[in-house]
Amino acid sequence: MKYDYDIIVIGAGSAGLVIAAGGASLGAKVALVEESKMGGDCLNTGCVPSKTFLKSAHLAKDIQLSHKFGINASLNNVNLENVMNRVKSVIKSIEPHDSKERFEGLGVDVFLKKGKLMDNHRVSIGEQFITGKYIVIATGAKPSIPNIKGLDEVFYLTNENVFGLKKLPTHLIVLGGGPIGLELGQGFRHLGSKVTIIDKHSDIFHKDDPEVGPWMKEKFLRDGMDLQLGASILQVKQDGDDVVVVIEADGQSKEIRGDQLLVALGRRPSSQNLGLEEIGVEMDEKGYIKANAKLQTNIKNIYACGDVTGPYQFTHMAGYQASIVLKNIVFKLNAKVDYSAVPWTTYTKPEVSHVGYTEQQAKSLGMFKDYLIVDLADNDRAKSENDEGFIKLILGRNKRIIGATVISDKAGEMIPVVTLAIKKKLSSSIFLNMIFAYPTESEIYKIAALKKAKESFKDWHKKIIKFIFLR
Ligand SMILES: Cc1cc2nc3c(=O)[nH]c(=O)nc-3n(C[C@H](O)[C@H](O)[C@H](O)COP(=O)(O)OP(=O)(O)OC[C@H]3O[C@@H](n4cnc5c(N)ncnc54)[C@H](O)[C@@H]3O)c2cc1C
Ligand SMILES: NC(=O)c1ccc[n+]([C@@H]2O[C@H](COP(=O)([O-])OP(=O)(O)OC[C@H]3O[C@@H](n4cnc5c(N)ncnc54)[C@H](O)[C@@H]3O)[C@@H](O)[C@H]2O)c1
């Protein structure tokens, strides 16, 4: 059978763009279908705007801490409209890279229409149909808005409209203490808003190692944030200009009153109205598309990647999964996903970065042997920069590194060293033989390896060395 295209990609976000650019550059005839903005969540409403916003926010925090560095500066006149204008200008500067014109220049046919599967090989785009040998669903995810009493009757922000705010909230109430709620919540606090974060979990960072949540909670409290954890959200209501959230925590009901509400209660996959049920593509109970390790759905020529399939909702994961799909479609390599060294960073101040297995995961997989924690307080560079945090290494058999967590202002830039060590199945002693530039926070890896080596160095080792070498 002859098809119009080798590959039809639905969704031009982080995953779809990699498939389209990679497929076309490898000689495949590719159609890319996008119903909204090229670049998807990451460019327009996710990573790029949030990290640009956080640069201003964390700078505001540095100004407030300037007295610690001998400078008496104070934070005056935060102009949120200007902050958000900078966010828009950074998006604009990246936009050409993801644009229709660039992709057409790469030889991709771009259709700015909603795509819907009609059968295993046919996709409707408006009035038109196109056919493809392979179809890749990369339609991403949207904010999940749970059924909370009164929520649909008040104005609320999500990641889709928060970067359009012009006036700094006086009191921002954030529903959800996941990465979106914590990054944006702390950002608004640094700019001067009062911020309350409400979450049903009794701790924050509950997907990370157990030391992270309490450590970061203490930090947020020192920043002056109000954390309502282990709370049930009973109702949301408008009272004049105020929005009021009624919660129950510790058996008591409380009203929290603010002027803006941000909903960051997780994501729901964009898998509805795509024709998936009709043609029999299997999904889980939440609507995530089920895909095997090759990222193939139960219909063999249909693949899924990125947020619409999970399990990790990150731009770098969307790109990684897209590369696996390309290997399987173009080169028939039988490539499978390997989630043993997945990094992620939450861009709070300080940043929290993780890679590989957490202690809990390693234990449940029977891989856990040991762990070690080293405080940044022992690091000269951290002292000179007033940075705080720690590293934790999770070790498997033969002291092999299988996971790590770093908390530091530079954590996101420090984690790739461990990612490489995990990928290459190295033990912690690798850091003993590396030369780290002084003074850097990465020297802490060497300190951790030394600590481990000292722990396993017994008195009888010293006696033998003395006897053989030092007589
Ligand atoms: C506030 C926020 C901050 C984030 N920060 C980070 C970060 O710092 N680092 C990180 O790694 N990740 C971050 N993420 C996550 C990251 O943005 C996502 O993991 C990533 O964008 C997923 O890419 P995707 O291609 O799967 O989906 P998307 O980027 O959502 O793209 C899917 C595209 O498909 C389109 N589409 C949907 N249905 C159809 C249809 N029927 N027809 C045609 N087109 C359709 C959509 O319009 C969209 O453009 C953040 C997310 C948010 C919300
Ligand atoms: N730096 C990054 O890489 C980054 C930043 C932002 C977002 N992201 C991605 O986007 C995804 C979504 O982020 P998110 O923060 O919206 O979602 P999330 O699912 O990670 O967190 C949502 C939080 O809301 C809480 N919650 C859910 N329903 C609730 C309810 N009814 N009452 C009280 N609390 C409730 C949950 O306990 C959870 O802590 C992340 O998982 C991540 O993959 C990544």
Side-chain angles (χ1 to χ4, degrees), residues 9-19 32-51 53-54 98 111-117 123-125 136-148 151 158-160 162-163 174-185 197-207 228-234 245 247 249 262-276 304-319 321-322 343-348 351-354 412:
V9 191
I10 309 182
S14 309
L17 291 177
V18 172
I19 303 269
L32 178 61
V33 186
E34 169 56 54
E35 68 172 347
S36 178
K37 288 187 175 172
M38 295 287 287
D41 232 4
C42 183
L43 174 63
N44 300 295
T45 50
C47 333
V48 173
S50 62
K51 267 76 258 182
F53 166 78
L54 288 178
D98 294 357
F111 299 92
L112 291 181
K113 295 262 167 65
K114 181 179 171 61
K116 185 169 178 183
L117 285 150
V123 175
S124 78
I125 41 171
V136 183
I137 306 168
T139 48
K142 291 261 173 211
S144 160
I145 310 296
N147 198 5
I148 293 171
L151 187 55
T158 66
N159 67 293
E160 295 187 337
V162 66
F163 303 108
V174 183
L175 304 186
I180 296 182
L182 294 176
E183 284 183 355
L184 295 181
I197 292 190
I198 302 171
D199 201 290
K200 62 184 176 189
H201 263 273
S202 55
D203 214 345
I204 49 175
F205 288 93
H206 42 83
K207 291 179 192 156
Q228 298 290 336
L229 303 178
S232 304
I233 305 166
L234 303 180
V245 180
I247 62 165
L262 172 67
V263 180
L265 294 167
R267 315 280 294 162
R268 73 174 162 79
S270 301
S271 57
Q272 308 85 0
N273 306 319
L274 257 179
L276 300 180
C305 56
D307 281 9
V308 75
T309 185
Y312 296 96
Q313 295 185 313
F314 302 112
T315 287
H316 45 279
M317 180 50 63
Q321 289 182 332
W344 67 77
T345 299
T346 306
Y347 297 88
T348 43
E351 295 175 356
V352 179
S353 208
H354 172 85

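Whatever order the structure lists them in is the order used to number ligands and atoms, beginning at 1. Each residue takes its place number in the sequence, starting with 1.
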Give yes if a backbone or side-chain nitrogen or oxygen of [X] is under 3.5 Å from a nitrogen or oxygen of ligand 1, and no if not.
| X | value |
| --- | --- |
| Arg267 | no |
| Gly115 | yes |
| Glu183 | no |
| Ala318 | no |
| Asp41 | yes |
| Phe314 | yes |

Starting from [atom], find the nearest protein heavy-atom neighbour and note its residue, name and distance.
| atom | value |
| --- | --- |
| atom 44 (N) of ligand 1 | Glu35 N, 3.1 Å |
| atom 9 (C) of ligand 2 | Gln313 O, 3.3 Å |
| atom 12 (C) of ligand 2 | Arg267 CG, 3.3 Å |
| atom 9 (N) of ligand 1 | Cys47 SG, 3.9 Å |
| atom 11 (O) of ligand 1 | Thr315 N, 2.9 Å |
| atom 5 (N) of ligand 1 | Lys51 NZ, 3.1 Å |
| atom 26 (O) of ligand 1 | Asp307 N, 2.8 Å |
| atom 15 (C) of ligand 1 | Gln313 O, 3.6 Å |
| atom 29 (C) of ligand 2 | Leu265 CD2, 3.5 Å |
| atom 41 (O) of ligand 2 | Lys207 NZ, 3.9 Å |
| atom 15 (O) of ligand 2 | Ile180 N, 3.0 Å |
| atom 27 (O) of ligand 1 | Gly140 CA, 3.2 Å |
| atom 2 (C) of ligand 1 | Gly46 CA, 3.4 Å |

Quick one: which ligand 2 atoms are inside 4.0 Å of a heavy atom on [X]?
| X | value |
| --- | --- |
| His201 | 37 (O) |
| Thr345 | 1 (N), 2 (C), 3 (O) |
| Gly176 | 24 (O) |
| Tyr347 | 1 (N) |

For Lys113, look at atom NZ and say whether over 12 heavy atoms of other residues, nucleotides or ligands are found less than 6.0 Å away.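 No, because the 6.0 Å sphere around NZ of Lys113 holds 12 heavy atoms or fewer from other groups.
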Count the heavy atoms of every other residue, nucleotide or ligand shown that sit under 6.0 Å from NZ of Lys114, and state whether that count exceeds 12.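 It does: Lys114 NZ has more than 12 such atoms within range.
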Taking heavy atoms and a distance under 4.0 Å, where does Ile233 meet ligand 2: side chain, backbone, both or neither?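 The part of Ile233 near ligand 2 is the side chain, not the backbone.
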Residue portion contacting ligand 2 (non-hydrogen atoms closer than 4.0 Å) for Leu182: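 Near ligand 2, Leu182 shows nothing, with every heavy atom at 4.0 Å or more.
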Please state which option from [options] has its nearest heavy atom closest to [atom].
| atom | options | result |
| --- | --- | --- |
| atom 23 (C) of ligand 2 | Asp199, Val174, Asn159 | Asp199 |
| atom 5 (C) of ligand 2 | Met317, Glu183, Lys200 | Glu183 |
| atom 16 (O) of ligand 2 | Gly266, Ser353, Gly178 | Gly266 |
| atom 33 (C) of ligand 1 | Met38, Glu160, Glu34 | Glu34 |

Close approach, [X] and ligand 1, non-hydrogen under 4.0 angstrom:
| X | result |
| --- | --- |
| Met317 | no |
| Thr45 | yes |
| Lys116 | no |

How far does OG of Ser36 sit from CG of Asn44, to the nearest 0.5 angstrom?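 Going from the OG atom of Ser36 to the CG atom of Asn44 covers 7.0 Å.
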Got a second to check how far Thr158's OG1 is from Ile180's CD1, nearest 0.5 Å?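 Going from OG1 on Thr158 over to CD1 on Ile180, the span is 8.5 Å.
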Counting only heavy atoms, which portion of Leu17 has something under 4.0 Å from ligand 1: side chain, backbone, both, or neither?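 None of Leu17 does.
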Given that the side chain starts at C-beta and the backbone is N, CA, C, O, which of these parts of Ala15 lies under 4.0 Å from ligand 1, counting heavy atoms, or is it both or neither?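 It is both parts that get close, each with some atom under 4.0 Å.
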Could you label the plane-to-plane angle of the Phe314 and Trp344 rings as parallel, tilted or perpendicular, counting under 30° as parallel and over 60° as perpendicular?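 Parallel: the ring planes of Phe314 and Trp344 meet at under 30°.
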Please name the pair of heavy atoms, one in [X] and one in [Y], separated by the smallest distance, quoted to 0.1 Å.
| X | Y | answer |
| --- | --- | --- |
| Asn159 | Thr45 | ND2-O, 2.9 Å |
| Cys305 | Ile19 | SG-CD1, 4.2 Å |
| Ala141 | Arg267 | O-NH2, 3.1 Å |

Decide yes or no on side chain to side chain donor-acceptor pair (under 3.5 Å) for Thr345 and Ser353, but give the supporting numbers first. CA-CA 4 Å; Thr345 299; Ser353 208; 2.6 Å; yes
List every atom of ligand 1 that sits less than 4.0 Å from any heavy atom of [X], numbering the atoms from 1 in the order shown and giving each element.
| X | result |
| --- | --- |
| Asn159 | 1 (C), 53 (C) |
| Lys37 | 49 (O) |
| Ser14 | 20 (C), 21 (O), 23 (O), 25 (O), 29 (O) |

Using a plain distance cutoff, I'd like to know if Pro179 has any nitrogen or oxygen under 3.5 Å from a nitrogen or oxygen of ligand 2.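 So ligand 2 has an N or O lying under 3.5 Å from an N or O of Pro179.
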Side chains of [X] and [Y], heavy atoms from C-beta outward: is any pair under 4.5 Å?
| X | Y | result |
| --- | --- | --- |
| Thr346 | Phe205 | yes |
| Ser232 | Ile247 | no |
| Val174 | Leu184 | no |
| Val33 | Lys116 | no |

Short N-O contact, Asp307 and Lys142, less than 4.0 angstrom: no
Leu17 and Leu32: side-chain contact (heavy atoms from CB on, under 4.5 Å), yes or no, with the steps? CA-CA 8 Å; Leu17 291 177; Leu32 178 61; 4.0 Å; yes
